[in-house]
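Sequence positions, counted from 1, serve as the residue numbers for this chain.
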Amino acid sequence: MVVPIEPRILSADRLDGGLLIAFDDGGCALYSAALLVAMRPQADQVSDTDLEE
């Protein structure tokens, strides 16, 4: 059985209005804040208390 390799993020930089993310396959993409907000229901939710632990 072939286990798919999860892509790895090499860096994430905050830019005006979004995030610039570089991946280990050499790809790089700018994700707008509007896109990220639209995708938020699909994401794993994290609270402030989770970040403190």
task: Quick one: do Phe23 and Ile9 satisfy side-chain contact (heavy atoms from CB on, under 4.5 Å)? Show the steps, please.
output: CA-CA 5 Å; Phe23 297 92; Ile9 294 174; 4.0 Å; yes
- request: List in chain and number order the residues that pass side chain to side chain donor-acceptor pair (under 3.5 Å) with Ser47, two or more places apart in sequence or in another chain; answer none if no residue qualifies.
  value: Thr49, Asp50
Name each donor-acceptor pair under 3.5 Å that joins a side chain in residues 25-45 to protein atoms two or more places apart or in another chain, with its distance.
residue, atom, partner, partner atom, Å
Asp25, OD1, Gly27, N, 2.8
Ser32, OG, Leu35, N, 3.1
Gln45, NE2, Arg40, O, 2.8
Gln45, NE2, Ala43, O, 3.2

